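Start at 1 and go down the list; that is how both ligands and their atoms are numbered. Remember, it's a predicted structure, so these values are computed and weren't measured experimentally.
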Amino acid sequence: MELFKGQNLLEFAARFRSDEDCKEYLAGIKWRSTFNCVKCGHHGSQIRKDHSRTCNKCSHTESASANTLFHKVKFGLRKAFFICFEMSTTTKSLSASYVAERFGVTEKTARLFMHKVREAMKSSENYPMDGNVEVDEFVVGGKEKGKVGRSYDVKKKKAVCAVEYTDDGKVKRMYSMKIDNFSAKELKKIFVKHISKEANVTTDKWKGYWPIMSDYQIEQIESDFGNNFQKLHTMIHQVKSWIRTTYSWVSDFNIDRYFAEFCYRLNRSQSKNNIFNNLIERMVGADKIYQVELICR
Ligand SMILES: [Zn+2]
């Protein structure tokens, strides 16, 4: 099976004309190497017309979308593929109401499916940053200056972010995550998840980083009102304004998903040709997720 490459919407629409085309694509990824029966573990199978497989041993039939994040997508795989294409290739903010309007689904349906896509966009945490890294903490949301009447959620959310640079100082990768406060215990979370102990880390002089210095190579420099961390602060500004313009309200429960979406695209800006396929691979590889896990309780 030929993988879909590029960002051309017409080519995309020509390749995926029906739900069947999408099923075929999913089956090609899911059973690329071998079929593995979920019921009995047998490898032999019959390929059916709708691209599902029936186990030769126990006769269990598995659809191409079963046990993936496309599991039981009610509005059709083609729409789901288009939303994935849009979310992986866009450079703009994409809200659930926009997606609902464009693809003819309800806003709730769009929001739930987009959260599934964000789940797939989460970092594997398998490739920690090991070069020159800057780390800083920041706040998101809350009441903005000059805007009145926002009665809901005036509490700002705390977050930490790490940016890795190339040898010539360009932004290479970024990760961001919600934390409860700016203590060492909370700040350390991003180190454990995303930063190698070999990385050269720079922070401002916040004492919250002191206890982390025994495990990681951290140099502290004066922030000089942000002048010494200009690129880092530009990135923080971008993620904050992206969240603010896209989502009028982001819950504590979901904010890490929005960070995941932003960082996923940013970290693949050099490999946009493969980004759609990468996302589909992740959607297939991820376990199915239940609605209850996607909604703030
Ligand atoms: Zn079986």
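- Residues Arg111 and Glu107 are paired through a salt bridge, judged by an N-O separation under 4.0 Å between the basic side chain and the carboxylate.
- In this structure, Tyr25 and Leu3 have side chains that are in contact, with non-hydrogen atoms separated by less than 4.5 Å.
- Ring centroids of Phe259 and Tyr175 are separated by 6.0 Å or more, keeping the two rings apart.
- Two residues are said to be in side-chain contact when any heavy atoms from C-beta on lie closer than 4.5 Å; Met174 and Cys263 meet this criterion.
- Summarising the geometry, atom OG1 belonging to Thr89 is positioned 10.0 Å from atom CG belonging to Leu279; distances are rounded to the nearest 0.5 Å.
- Of all protein N, O or S atoms, those under 2.8 Å from the Zn ion (ligand 1) number 4.
- Here the two rings, on Tyr216 and Tyr209, have centers that are 6.0 Å apart or farther.
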